[in-house]
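One-based numbering, in listed order, for ligands and for the atoms of each.
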Amino acid sequence: MIYWDYAAAAPPYDEVARTVEQLMRLHYANPSSLHRAGAEAAALIERAREVCAAALGVLPGEIKFTSGATESNNLAIKGAALHYAGRGRHIVTTELEHPSVYESCLQLQKMGWEVTFVRPDAAGAVNPEDVGAAVRRDTVLVSVMHVNNEIGSVQPLPEIGRAVKAANPRTLFHVDGVQGFGKLPASPGDFGADLYSLSPHKIRGPRGVGLLYVKEGIQLFPLLSGGSHEGGLRAGTENVPAIVAGAKAVRMAAERRGDFVSRILPLRNRLLAFLREIPEFTVNSSESGAPHIVHFSYPGMKGEVMARQLEQLGMQVSTRSACSSRLAEPSRVLLAIGRDESTALGGIRISFGDEHTPADVDALEQALLGAVKALKIAEGGMR
Ligand code: PMP
């Protein structure tokens, strides 16, 4: 079986898994406890904060640990909206966002905030001018993802960051960096971002930890109350093993980015060219997208039918993104880039990891041909 779902969850590095196990056994003390074991656990968290800060080019105090990027995105959006409600109640985001951003905005909308959803072009990129034009005097926050988790399109973040600040210097800029980190140059400073979310389990780190960069001086309304952890921003006993191993994965992903891209980009381009030759497929990703995500549709065929067929042929893929793969509706992202309903229902996402080889792509291509053939025979039989 070959695993092609790294964008949903990437297998942890051995070093990461070893760190989690060792720390669970050795550093179980509560970092808030005053004894030496507690102080040691607290020191490990501060060291992890420094490692993450160095990888992102920010100050250690600007890194906050959460339980995952879903929490980081919720905290960034609702935390900023609630804290800065006195400045206004308008938020700008895009139609492409991950559910943790999109639904946070919908929740605020129900509570009286106004939300403007900027539409992307047919390739899945938003125009910085459109974002700038949507920003008003009462816009508290703009949230735009770096790389779309479904089709891999990349947003022009430095230009968007500049457009936001030119339109209103007080508007905060949040970036969901989950699918871009380790694949593209990514530092909050380059984007002009005030808030930036990351998820270690997408870069071969452990589950159960997320990062939120919060630029010095910015305040957020905490979503969890009950303690002074993470500077009062996120109550709850810290997950020391996941934090330390997560920081290790962040460092490794930053160090290995160049290698990753030079090995995986040619494989991704080869797969894109192959898919375009199959008349039954509509390719929804392009060479200008992130190096690790390829998405295509088989219009009229449900994504899960194709995915099941591919699994029988030894390939584990996603239908869209893990968080929406159980939904029966067409993909919101594919509809946003102008695909019709039948195309938006039939998506398959292939996502690469650093372990994939040219032989894996050969095997995938054979399986894709086999799946199309099998599905056409089955379709013919049903008529
Ligand atoms: N944003 C994006 C773009 C993602 O792909 C994901 C993971 N599906 C998340 C946020 C949520 O991350 P987590 O799994 O750490 O909650």
Side-chain angles (χ1 to χ4, degrees), residues 4-12 16 20 52 63-79 93-107 120 124-126 143-155 157 160 174-184 186 188 191 193 195-213 223-224 234 236 239 242-243 245-247 249-250 253 285 289-295 317-327 331-334 336 347 349-353:
W4 295 99
D5 203 12
Y6 277 63
V16 162
V20 171
C52 294
I63 299 288
K64 307 295 172 193
F65 292 114
T66 64
S67 64
T70 294
E71 186 187 331
S72 299
N73 286 340
N74 272 263
L75 177 58
I77 293 163
K78 290 184 250 180
T93 188
T94 81
E95 292 184 349
L96 293 170
E97 300 305 311
H98 185 265
S100 56
V101 166
Y102 197 78
E103 287 172 27
S104 290
C105 290
L106 293 183
Q107 205 179 16
V126 292
S143 181
V144 179
M145 71 197 329
H146 191 187
V147 168
N148 180 263
N149 48 302
E150 213 160 308
I151 57 173
S153 60
V154 179
Q155 302 309 326
L157 291 180
I160 293 174
H174 168 245
V175 172
D176 173 353
V178 169
Q179 296 291 352
F181 189 79
K183 316 298 189 307
L184 299 168
F191 305 149
L195 298 156
Y196 177 79
S197 307
L198 268 193
S199 178
H201 81 90
K202 308 287 188 184
I203 48 172
R204 310 198 60 186
R207 214 81 43 95
V209 62
L211 270 70
L212 181 64
Y213 157 78
L223 302 185
L224 302 180
R234 202 257 170 199
N239 185 347
I243 289 173
V250 167
S285 302
H292 63 307
I293 295 180
V294 168
H295 191 282
V317 302
S318 253
T319 47
R320 42 174 96 167
S321 68
C323 300
S324 350
S325 60
R326 295 190 190 283
L327 299 177
S331 147
R332 164 168 56 76
V333 170
L334 292 185
R349 180 184 71 181
I350 311 280
S351 52
F352 286 88

- Taking side chain to side chain contact (heavy atoms under 4.5 Å, CB included) as the test, write out the residues that go with Ala336, two or more places apart.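 Counting only residues at least two positions away or on another chain, Ala336 forms a side chain to side chain contact (heavy atoms under 4.5 Å, CB included) with Glu95, Pro120.
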Residue [X] vicinity, atoms of ligand 1 by number, heavy atom under 4.0 Å:
X	result
Lys202	6 (C), 7 (C), 8 (N)
His201	13 (P), 14 (O), 15 (O)
Gly68	15 (O)
Met145	3 (C)

- Query: Should Ser199 be counted as touching ligand 1, given the test is an N or O pair under 3.5 Å?
  - Reply: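 Among all N and O atoms of Ser199, at least one is under 3.5 Å from an N or O of ligand 1.
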- Item | Residues that Phe352 engages under ring pair (Phe, Tyr, Trp, His ring centres under 6.0 Å), provided they are two or more places apart |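 Partners of Phe352 by the ring pair (Phe, Tyr, Trp, His ring centres under 6.0 Å) criterion, ordered by chain and then number, come out as Trp4, His356.
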- Item | Test item: Gln155 side-chain N/O and Asn148 main-chain N/O as donor-acceptor pair under 3.5 Å |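 The answer is no, because no donor-acceptor pair under 3.5 Å joins these two groups.
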- Query: Is the side chain of Lys202 donor-acceptor paired with the backbone N or O of Ala7 at a distance under 3.5 Å, no angle test?
  - Reply: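 Yes, Lys202 side chain to Ala7 backbone: donor-acceptor pair under 3.5 Å.
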- At a non-hydrogen distance cut-off of under 4.0 Å, which region of Asp176 contacts ligand 1 (side chain, backbone, both, or neither)?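 Contact part for Asp176 vs ligand 1: side chain (C-beta onward).
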- Mind checking whether Asn73 contacts ligand 1 via backbone (N, CA, C, O), side chain (CB onward), both or neither, at a 4.0 Å heavy-atom cut-off?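 Side chain only; the backbone of Asn73 stays clear of ligand 1.
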- Item | Carboxylate-amine/guanidinium contact Arg332 Glu150, below 4.0 Å |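 Glu150 and Arg332: not salt-bridged.
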- Spatial distance of atom OG (Ser100) from atom CG (Asp176) [nearest 0.5 Å]: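 These two atoms lie 6.0 Å from each other.
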